[in-house]
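Down below is the structure, laid out as structure tokens.
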Amino acid sequence: MNYEIANVGTFTNTVDSHPKIHITRDQLHSTTTGDEGKTLFLPVNISFLKQFTQVYYEQGPIEALRLAKSHNQIVVSHMASLLLNIVDYMQKVRLILKPNIRYSGATLINKLGQTRDWQNSTVRFIAWHPYCTKLAVVTCDDSVRIYSAESSYHPILRCKQQKNISCVAWRPLSNTEIAVGHEDGIIVWYIDPNSLVARPSISNAILLYRLHHRPVMSLAWSPKGDVLVSVAACDNTILVWNPELNQTSSLKRPCGNGNVFVKWSPTGEKLVTCSDGVIFRVWDYRNWECERWTVLSGRVQAACWSNCKTTLLFATTTEPTIYGVIVKSDLIFTNDLESSSNQALPMFDVSKMDVNGITIGGLIQCIESDPKGKHLAVMFTDTNAIAVFSVVRLPTLQLIPGSLVMGLPEEKPSSISFQQNFEAGACLTIGWSTGRIQYYPIIYTDLTETINEIAPLNLSLYKSFNASHY
Amino acid sequence: MNPNLTQQTCTYKDLLLRKLSYAVTSSVCSQLVILQIYVFLWNFNVFHPKNWLLSTIHILTSFSTWIFILPFLIIVFAQSVICAKDYVVKSSYCSTRFQKFVATFSVHNLILLALHILVGGTIIWLFLSVSGGQYQKLTKICHGQAYCLNNGSLFLILSGLWTGCYFFIKVYIAERNLTFPVIYQRKFLQFKSQLEPLIRHAVVTSFLPSLYFCCLFYVYGETLQNGFRDLFGLLEQEDGTSVLIFLHLWFFSALYYFNMNLMRFYFNLFLTEPVQFPLVKDNAGSLTLQESITNSDWPIVQNLACLDLHLLAQWSPMRRQVFFSISNPGGHPYNWNTLVVSVLNLFKEYTELLNKTIDLPEKNAKPIIQAPIIQSPDRFRNLRNMTLIERDEDICDYVHVTKTSPVEFSLPQGLISYLTIKISNLWNILKVVTGINFLFGELPQANIRKCLANGNLIIWASQGITELLCASLEEDNYGIVQKDLPVILSSLVNLKQSLDKLNKVPALTRKMVGYDDFNYRMKGAVTSSIKRSLFNVCKKFENYLNDIPLSKEVSQYLQIHIMCKS
């Protein structure tokens, strides 16, 4: 089906009022690195001290020392090279302790994040507001654009501290606040809905950062919006923030070199965090105790909660399989062994295969489940189709392949998200690499309810793309 | 079933004594552990591990060591017991400079200062004497049989006294408040996660006092040493001290800082541990959640009660049910009523304090809080009218009696007012010139500071009570909560409006104070939590919002500022 025919409006009017978003190259702001002005000026001879202070303020102490090293006075250059050596050794020790700091923030986000091909795509992350038809779109010019069904103006969140955005998260129980995770920390923006300012000012935002807690990879608000959990790729401590007071509590358990992913369960009782090693943990919100899980190889790339509170679906970086794990449901009434399964069950094999000449499946980049818990969308690392599954419970959780969503020939999916307040069913939203945002509404009718209930009876528990037919 | 769902009944004293005793015990015990670790490391001998272990054990079990340790432990015990009072008792807010001055030089503080200095000296004396080495004793045998003064030892012990004094003045006086952690984890985990920052902080912050001490000693050291030698008839030391003594100095000041911060950490750890308060009164002496919420004499109990309300509203359906149940003989929702009265009182006091502080001219004298007006008989027909309490609604009729006074001779009105203005101006100038204003004048925003220091109470109470309101939609079988819904919402809106006025106070804007100011941040936290609480209720009761009898202003405010619908 080609793009022109695939007009959703002919089938349903539920997404008519949704904002039409296509971010083209000319809408993007140019990103400045701050060095460009310098090329316009010719170098002049200035005194060493002046040059030294200049470099110190502009490029930091290390560069200043490098400059001092090339000084012709032997005392100064020796001192500088001695200090540089000490810094080098310290850096080497830090590298042994934390190998991730070798890479730049952008490289780590590209390598470990939820977004596919983060470096090159126009749309880097999308997030729906929990109650309103409001969508936050992160673009490659380090800005966040807010689109809303109710108003035609689109605020742009942008400031010089906000570089290389990895994720955004709307604050629950609030209409106006959004947390933006970027390379060096977190910014909680306040967007006044009653004002018509296109660029909200940074003076209303809260800047949160901690030394060594970078780059922020993933953010999750508690369901009541009072605390924010953040994980960073170079820091194996998980921070729990009280954003207004700028206070943190740290969750520290032995794991890899950093953490890459965090997500609350829909009921708010559990929290899953994945490290960049084989370990992932499920935390209990009440007492902050955790269950420790390990995968055989690689790391957990994507995870999401089914809406029955207890099942966690996840995929690793080495196997094209969706796994399911049942975690402890209630700490008070049950004991560890009874309620928690001791190993993950493979739920669906999504190995690469050809359907009508199109390759689908492969390693998984991102999994999202819709708020009603009936559908699951899966984005793959190297193939361009997004697979949508139906989730049924009979009585164990099962996945039934539903449909495939394709973009234009050159388009690759970057980020997916389900609308949180879609009453007619589930609305999958896909950000394509070209900057186009596509809505894929799945309308629930009584008919689909019955199909979901009857169809799975003759399906086995463990299925595969290769075995099932669309 | 026990309605409290907890076994123990407790009083304030039990609760606080238990928490404080844990804190004191652990700070004393950790001193022992630190000493052991120090001795263990000091005797480091990699080639004879057996000797290493044996000598460590020998030192720690010898009688003389314990004689040294005991006085130290007693002093530490005394210090922590006296410090404990600071964390528990209501801190007085000094609104004038004079009050601040008096409060700083109180007997309590002077005793603490002495204890801090004493601990600083003894800690070094203890570590030096127990571990051995060249600085073990203040005297040395030299020149054959005579006693000489050990300069290094004197230097280190004096540095201990200095560090104690410095720490007390610089750190202890300034930072005496408890901070509740964002999330409460197991104590051991908190300890583990805080240990490394505590050590790092101690090493960094103790550098400056050590440097100051070196400077001081360079200037006055000679005099002190001579005085000391003359006092005890000692001879001068033959050999000089090595440069390594400066490292010793830094190490011991870091150790002192670490010890003191550790003690403070223990108080924080044990005092901020959440407590489950009983919800139903067992006997006259026991405390309940409802009473503790308004108990401003013991701020820590008040804080814990509000925290408990927040936690139970969020996590404990069983304890929530206690509020939604009615008493067995009588059928009154006694538990809920007392809770609502306490929480509303808390909000009311806070709002009043805020309004008094902001001191803006009152525009509308009409109170926004209104009792629910029952408009039509069918709206509340399911509600039994059993719960209405009288809330300051005494209706009094005044009879105005006027009496005309006889005509008297008086100065013209203009002259009197002119004179009063002149005199008061003169008086004001006098106050400024003589410094009376400086000493006794009210400090700017002292009240706001006091208000915002209690911000946590409002944060937890508002979140807790609104969470209970939301839960009531499904769990409240008798419709107990319904009648109080409008009052709670109105008083929260009222509080929010007062908080909004704080934005106009120049001392609380970001430009003036910067982002790191505690008051600025707390203002944001309280405002945001009230906003979220109101949003929570509005969201949950979205379909019934028009049925709640709210005054026009309140419902308008909710629509525009909370739900963001214009």
Side-chain angles (χ1 to χ4, degrees), chain A residues 130-132 134 148 150-151 171-177 188 190-194 201-208 210-211 221-229 237-253 268-269 271 283-290 330-332, chain B residues 179-186 189-190 192-197 274 310-311 313-318 452 455-456 459-460 463-464 466-467 470 509-511 515-518 520-529 531-540 542 560-566:
Chain A
Y131 320 108
C132 324
K134 225 187 234 184
S148 152
E150 284 119 39
S151 78
R171 189 172 198 171
L173 298 188
S174 158
N175 254 334
T176 50
E177 283 164 277
V188 182
Y190 174 83
I191 311 155
D192 188 354
N194 299 327
S201 126
I202 186 74
S203 66
N204 284 331
I206 304 171
L207 304 174
L208 304 170
R210 289 285 182 271
L211 202 67
W221 287 98
S222 73
K224 299 295 168 201
D226 46 357
V227 297
L228 173 71
V229 181
T237 315
I238 299 159
L239 291 184
V240 184
W241 299 82
N242 182 338
E244 276 87 18
L245 293 179
N246 198 358
Q247 284 175 348
T248 54
S249 285
S250 44
L251 299 172
K252 201 171 187 178
R253 298 285 195 284
E269 287 164 17
L271 177 76
W283 303 81
D284 188 271
Y285 181 32
R286 265 165 285 190
N287 53 10
W288 296 97
E289 295 293 321
C290 65
D330 203 324
L331 280 171
I332 302 164
Chain B
T179 41
F180 281 77
V182 181
I183 52 169
Y184 200 87
Q185 305 176 67
R186 260 198 340 246
L189 290 174
Q190 281 199 48
K192 218 170 72 175
S193 71
Q194 282 300 308
L195 194 62
E196 195 203 321
H310 172 56
L311 293 177
Q314 206 170 356
W315 290 124
S316 173
M318 307 257 289
L452 289 172
N456 270 335
I459 293 176
W460 289 322
Q463 286 179 1
T466 49
E467 199 61 35
C470 293
T509 51
R510 189 162 169 176
K511 269 183 196 153
Y515 183 61
D516 281 335
D517 182 70
F518 174 80
Y520 173 77
R521 285 184 300 179
M522 192 45 116
K523 184 192 82 181
V526 179
T527 317
S528 142
S529 97
K531 212 170 156 187
R532 262 180 290 122
S533 307
L534 282 170
F535 189 91
N536 198 5
V537 181
C538 292
K539 185 80 201 150
K540 194 82 185 178
E542 204 172 12
I560 294 173
H561 292 276
I562 305 298
M563 301 297 286
C564 299
K565 284 176 188 157
S566 42

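By convention in this document, chain letters (A, B, ...) are assigned in the order of the sequence lines, proteins followed by strands, and residues within each chain are numbered from 1. Computed from a predicted model, the values in this text were never measured in an experiment.
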Could you tell me which portion of [X] (side chain, backbone, both or neither) has an atom closer than 4.5 angstrom to a non-hydrogen atom of chain A?
X      : answer
B:T179 : side chain
B:Q194 : neither
B:Q190 : neither
B:L311 : neither

Comparing B:S528, B:S193, B:P274 against chain A, the one with the most heavy-atom pairs below 4.5 Å turns out to be B:S528
I'd like to know which of B:K531, B:K192, B:K523, B:E467 tops the heavy-atom pair count under 4.5 Å against chain A.
B:E467
Quick one: closest heavy-atom pair of [X] and [Y], and the distance?
X      : Y      : result
A:L208 : A:P243 : CD2-O, 3.6 Å
A:Y190 : A:N204 : CB-O, 3.6 Å
A:L239 : A:S250 : CD2-CB, 3.9 Å
A:N246 : B:R521 : CB-NH1, 3.4 Å
A:S203 : B:Y520 : O-OH, 4.4 Å
B:Q463 : B:S529 : NE2-CB, 3.5 Å

Assess the residue pair A:R171 and A:E244 against the criterion (salt bridge (Lys or Arg N to Asp or Glu O under 4.0 Å)); give the C-alpha distance rounded to whole Å, side-chain angles, the decisive distance to 0.1 Å, and a yes or no.
CA-CA 13 Å; A:R171 189 172 198 171; A:E244 276 87 18; 2.8 Å; yes
Residue [X] versus chain B: region with a heavy atom under 4.5 Å:
X      : answer
A:V227 : side chain
A:T176 : side chain
A:P172 : backbone

When heavy-atom pairs shorter than 4.5 Å are enumerated against chain B, which of A:K224, A:K252, A:R253, A:Q247 gives the highest number?
A:K224
